[in-house]
Q: 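One structure coming up, written as structure tokens, with questions to follow.
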Amino acid sequence: MKDFLKKIWDRKYIVCYAIPFILMDIIIKTLFFKNRVFPIWLPSSWLFSLLFIAFFGIIIFTCRGIIRNIIYWILFVVFFVMMLTNGIYYYKTDYFFNFSLIKMTNEGSEYIWDTIINTPWLFYLESLAILIIAICVSFTLKKVGKIKIKYFLISIVVFVGLHIAIPIIVLNPNDNSHWQTKWNIYNNCTDANQSIELSGLYEYSFRNFYVSLLKGKEELTNEQSAKLRHYYEKTEKNNHNKYTGIFKNKNIIFLQLEGMDSWLLNKKDTPYLYKLKQKSIDFKNHFSMYTGGGSTFNSELAANTGFVQPLSTNDFACWYYTHTYKNTMAQIFKQKRYRVDSFHMNSPDIYFRGLNYKNWGYDNYYGLKERVKNNNICYGLDRELILQNVFSKKMFSKDKKFVDYIITYTPHMPFNLSSEVFKILTKEKYGSKKKNLSEEDFVRMAASETDYMVKLLMEELKKNKLYNDTVIVAYADHYLYELNDKSILKKYKETNNGLINHTPFFIWSSNIEEKKVDKVTMQANVLPTVLNLFGIDYDKNYYVGEDALDDKYEGIAFFPDYSWYDGNVYVKDKHVMNKGKISKEELHRKEKKVNSMIEKNDLTMKYDYFGTLKTNK
């Protein structure tokens, strides 16, 4: 017994290597403790993490000397970087990192430094502590003997076997009850947060890398094809109502407002937008779905095609520029002999806008940075969209009826004086006086700049005698998730569920009868609602959303975590999360409706269904 205990004591250092890896996994798992969907003690998460950490130990101790330390540090550094990346990205967006974001490095590269420096210091302190522990552990590695190669080979077999067994036993791959099953989340990394909850840091990192960058395209199955035929085989024309055709033959300006959260649209900060909203068809319960990456473009996709970024994949909306679409906004209005152009600050390569807008049927996508190259222009100021003659001549040309899709920019991070935008706006507002401004102050200045652009826009409409003949469809792309200080949002809106996505949406015309719409809407409702207002008949089946002014429309919005809201109850995982009341029968009916909407959207987008039809003809 004495010899046995001595042998154990001699090998006490063998467990030291695991300490940094265990701590990294725990930090990530507890980072979003309050926002968890699954319990923190979920078996699959801990089983995967322990399996990987044990296997790391086998790899490390199969080697000797300097090679052992090299292997240890390679493994540690790789996952230390993954921990930092996930933590920093989560603190900024409330989502964990997805390797798919690598394909969109241009869109966020200029904001990386601001994100890093605004991550809470406590996270960096925890990370530093883990690094110090790892350094200390590295000195103990030589005190452990080498593992024989046969045990290494056996461990590989055991690792593979358990890796296959864990998801099958714990995550139930046979559960096909709805799209957001544990198996689907795990298998396709459809939701970064829930994927980490189910898998832990190590399994998620490997699986997400594979799914995002290596996995091939899935083929449409016979069962999925049958479901799509069921959705599209019938023809159902839109219902006419008292709003049908009230804007027939008018011009239209889609005004997509970057970061214009609901609390920013007020008399003080945005008086012109506020005035327009008060004299409009105002959709008071509108939600712009934040997707965790490319949320701005997701609103563009919805307003132009009637579909949203698929929930059951980790793809981004901007990647679908080779897809075939039926009855996009641009296609329909061009058939009515409208000119259809888009205007934005950024160049066509950002979010692949040049390719996407051409694919949707636009005549042109105009990027100010590309069209007007002038060192004296601050391209972050929304006013330049109107002040630059190159743009204004195209926006307000009267050679034919037009659709202008204008995307604003100013309310975009970083909200501090490191940005050229805020240096200019601060000087204009306060002169040379030094002011101790908060992040909220900068945000409100940015919103005022967008409002100034709207003032210039309205003046140009009057100047060009288009004021009484133009409709403005205004909506925000997403809530202001870019804020570093999340407590700002908590002052003005509900933040612990999908209702954080509440944003403005209104439709203005000079001679419209103002109306407040209480029914819940989302981005997918924009296009069918606009089509009906312009008196355009369309097939309702070719859109996910419906005309929000139709008396038969049942207000509903769904969110990336498959939760939904109907104005009465907020439901997540089939559970009513607020104080609203609903019968079991009604809950089941609406749950089924939401699942059908998501399934139709995702199958259509994932597998390019309209392109498949075109190919098969």
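Predicted model only: the values in this text are computed from it and were never measured.
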Q: Atom CD of Glu126 and atom CH2 of Trp121: how far apart are they, to the nearest 0.5 Å?
A: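 Rounded to the nearest 0.5 Å, the CD-CH2 separation comes out at 9.0 Å.
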Q: Do Thr296 and Gln256 touch side chain to side chain, with heavy atoms closer than 4.5 Å?
A: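 The answer is yes; the side chains approach within 4.5 Å.
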Q: Could you go through Phe297 and Trp360, starting from their C-alpha distance and side-chain angles, then the distance that decides it, and tell me whether this counts as ring pair (Phe, Tyr, Trp, His ring centres under 6.0 Å)?
A: CA-CA 13 Å; Phe297 193 84; Trp360 294 338; 5.5 Å; yes
Q: Is a donor on one side and an acceptor on the other found under 3.5 Å between the side chain of Asn578 and the backbone of Asn568?
A: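 Side chain of Asn578 to backbone of Asn568: a pair is present.
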Q: Does the side chain of Val571 come within less than 4.5 Å of Lys590's, by heavy atoms?
A: no
Q: If I compare all heavy atoms of Gly259 with all of Leu480, which pair ends up nearest, and what's the gap?
A: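 Taking Gly259 first and Leu480 second, the nearest heavy atoms are O-CD1, 3.3 Å.
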Q: List the atom of Thr521, the atom of Ala548, and the distance in Å for their closest heavy-atom pair.
A: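 Here Thr521 and Ala548 meet closest at CG2-CB, 3.5 Å.
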Q: Check the orientation of Phe316 and Trp319. Use parallel for under 30°, tilted for 30 to 60°, and perpendicular for over 60°.
A: perpendicular
Q: Answer yes or no: is there a donor N or O on one side and an acceptor on the other, between the side chain of Arg207 and the main chain of Tyr186, under 3.5 Å?
A: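 At least one qualifying donor-acceptor pair exists.
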Q: Parallel, tilted or perpendicular: which describes the rings of Phe159 and Phe52, with under 30° parallel and over 60° perpendicular?
A: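 If you compare the ring of Phe159 with that of Phe52, the planes turn out perpendicular.
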Q: Would you please classify the geometry between the His323 ring and the Tyr320 ring as parallel, tilted or perpendicular, with 30° and 60° separating the classes?
A: perpendicular
Q: Of Tyr90, Tyr91, Tyr204, which meets ring-ring contact (aromatic ring centres under 6.0 Å, His included) against Phe96?
A: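 Filter result, single survivor: Tyr90.
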Q: Should we say atom CZ of Phe123 is surrounded by more than 12 heavy atoms from elsewhere, each under 6.0 Å from it?
A: yes
Q: State, with a plain yes or no, whether a side-chain heavy atom of His588 is found less than 4.5 Å away from one of Lys584.
A: no
Q: Can you tell me if Asp602 uses its side chain to pair, donor with acceptor, with the backbone of Ser312 under 3.5 Å?
A: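 It does hold such a pair.
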Q: Within the structure provided, determine whether Ser127 and Phe80 are in side-chain contact (heavy-atom separation under 4.5 Å).
A: yes
Q: Using atom types as modelled and distance alone, determine if a side-chain donor or acceptor of His478 lies under 3.5 Å from a backbone N or O of Tyr290.
A: no
Q: Set out, in order, the CA-CA distance, both residues' side-chain angles and the distance that settles ring pair (Phe, Tyr, Trp, His ring centres under 6.0 Å) for Phe61 and Tyr17, then state yes or no.
A: CA-CA 10 Å; Phe61 294 117; Tyr17 85 93; 5.6 Å; yes
Q: Check for a donor-acceptor pair, side chain of Lys92 on one end and backbone N or O of Glu482 on the other, with a separation under 3.5 Å.
A: yes
Q: Which atom pair, heavy atoms only, marks the closest approach of Pro504 to Met260?
A: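 It is CD-O, 3.1 Å.
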Q: How far apart are the closest heavy atoms of Leu201 and Met83, and which atoms are they?
A: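 Of all heavy-atom pairs spanning Leu201 and Met83, the closest is CD2-CB, 4.4 Å.
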Q: Yes or no on side chain to side chain contact (heavy atoms under 4.5 Å, CB included) for Lys572 and Phe559, after CA distance, side-chain angles and deciding distance?
A: CA-CA 10 Å; Lys572 187 172 184 178; Phe559 307 105; over 6 Å; no
Q: Once rounded to the nearest 0.5 Å, what's the spacing between atom CH2 of Trp46 and atom CD1 of Ile53?
A: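 Answer for the CH2-CD1 pair, Trp46 versus Ile53, is 9.0 Å.
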Q: Side chains of Gln523 and Tyr475: any donor to acceptor distance under 3.5 Å?
A: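 On atom types as modelled, these side chains do not qualify, holding no pair under 3.5 Å.
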Q: Might you work through the side chain to side chain contact (heavy atoms under 4.5 Å, CB included) test for Leu301 and Met605, ending with a clear yes or no?
A: CA-CA 11 Å; Leu301 176 74; Met605 293 298 295; 3.9 Å; yes
Q: Rounded to the nearest 0.5 Å, what separates atom CZ in Phe55 from atom CG in Leu75?
A: 9.5 Å
Q: Looking just at side-chain N and O atoms, do Asp25 and Ser49 make a donor-acceptor pair shorter than 3.5 Å?
A: yes
Q: Can you confirm whether more than 12 heavy atoms, excluding those of Lys491, are under 6.0 Å from its NZ atom?
A: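 Counting other residues, nucleotides and ligands, NZ of Lys491 exceeds 12 neighbours.
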Q: Does the Asn359 side chain pair with the main chain of Leu355, one donor and one acceptor, at a distance under 3.5 Å?
A: no
Q: Please round to the nearest 0.5 Å and tell me the distance separating atom CG of Asn501 and atom CZ of Phe558.
A: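 Reported value, rounded in 0.5 Å steps: 12.0 Å.
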Q: Hey, are Thr495 and Lys486 close enough side-chain-wise for a donor-acceptor pair under 3.5 Å?
A: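 Thr495 and Lys486 do not have a side-chain donor-acceptor pair below 3.5 Å.
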Q: So does Lys519 pair up with Glu546, basic N to acidic O under 4.0 Å?
A: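 The answer is no: the pair does not qualify as a salt bridge.
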Q: Mind checking the OG1-CD1 spacing from Thr119 to Ile88? Nearest 0.5 Å is all I need.
A: 4.5 Å
Q: Is any side-chain heavy atom of Leu31 less than 4.5 Å from a side-chain heavy atom of Ile196?
A: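 Not in contact.
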Q: Quick one, Tyr607 and Thr221 - any side-chain contact, counting heavy atoms below 4.5 Å?
A: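 A side-chain contact is absent here, since even the closest heavy-atom pair is not under 4.5 Å.
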Q: Going by atom types only, do Tyr232 and Thr604 share a side-chain donor-acceptor pair under 3.5 Å?
A: yes
Q: For the CD1 atom of Ile598 and the NZ atom of Lys593, what is their distance to the nearest 0.5 Å?
A: 12.5 Å
Q: Less than 4.5 Å apart, any side-chain heavy atom of Tyr479 and any of Ser262?
A: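 Tyr479 does not reach Ser262 side chain to side chain.
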Q: Which residues satisfy the side chain to side chain contact (heavy atoms under 4.5 Å, CB included) test with Ile133, sequence neighbours excluded?
A: Ile19, Pro20, Leu23, Val137
Q: Does the side chain of Tyr562 pick up a donor-acceptor pair with the side chain of Gln194 at under 3.5 Å?
A: no
Q: Below 30° counts as parallel, above 60° as perpendicular, anything between as tilted: where do the rings of Phe21 and Phe76 land?
A: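 Judged by the thresholds at 30° and 60°, the geometry between Phe21 and Phe76 is perpendicular.
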Q: Which pair of non-hydrogen atoms, one from Leu527 and one from Asn304, has the smallest distance, and what is that distance?
A: CD2-O, 3.7 Å
Q: Looking only at atom types and distance, does a side-chain atom of Ser100 sit under 3.5 Å from a main-chain N or O of Asp315, one as donor and one as acceptor?
A: no
Q: Check whether any side-chain N or O of Asn416 sits under 3.5 Å from a backbone N or O of Glu439 as a donor-acceptor pair, and report yes or no.
A: no
Q: Under the side chain to side chain donor-acceptor pair (under 3.5 Å) criterion, do Asn298 and Thr291 qualify, and how do the steps go?
A: CA-CA 8 Å; Asn298 185 46; Thr291 57; 4.9 Å; no
Q: In terms of the angle between their ring planes, are Phe505 and His286 parallel, tilted or perpendicular, with boundaries placed at 30° and 60°?
A: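 It falls in the tilted class, 30° to 60°.
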Q: Where is the tightest heavy-atom contact between Gly498 and Phe287, given as atom of each residue plus distance?
A: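 Where Gly498 meets Phe287 most closely, the heavy atoms are O-CD2, 4.3 Å.
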Q: Backbone N or O of Tyr542 within a donor-acceptor pair of the Lys600 side chain at under 3.5 Å?
A: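 It does not hold such a pair.
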Q: Does any donor atom in the side chain of Lys215 or Asn188 lie under 3.5 Å from an acceptor atom in the other side chain?
A: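 Looking only at side-chain atoms, Asn188 and Lys215 do form a donor-acceptor pair, the distance falling under 3.5 Å.
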Q: With the side chain counted from C-beta on, respond yes when Met597 and Ile556 share a heavy-atom pair under 4.5 Å apart, and no when they do not.
A: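 In contact.
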Q: Less than 6.0 Å separating the ring centroids of Phe307 and Tyr325?
A: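 No, the ring centres sit 6.0 Å or more apart.
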Q: Table please: side-chain donor-acceptor pairs of residues 160-170 below 3.5 Å, with sequence neighbours left out.
A:
{"from": "His163", "atom 1": "NE2", "to": "Glu203", "atom 2": "OE1", "distance (Å)": "2.7"}
{"from": "His163", "atom 1": "NE2", "to": "Glu203", "atom 2": "OE2", "distance (Å)": "3.1"}

Q: Output yes when a side-chain donor or acceptor of Asp477 lies under 3.5 Å from a complementary backbone atom of Ser299, and no otherwise.
A: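 Checked: no pair found.
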Q: Tell me, with the steps shown, if Ile185 and Lys182 meet side chain to side chain contact (heavy atoms under 4.5 Å, CB included).
A: CA-CA 5 Å; Ile185 295 167; Lys182 291 178 182 178; 5.5 Å; no
Q: Does a donor on one side chain and an acceptor on the other come within less than 3.5 Å for Ser212 and Asn98?
A: yes
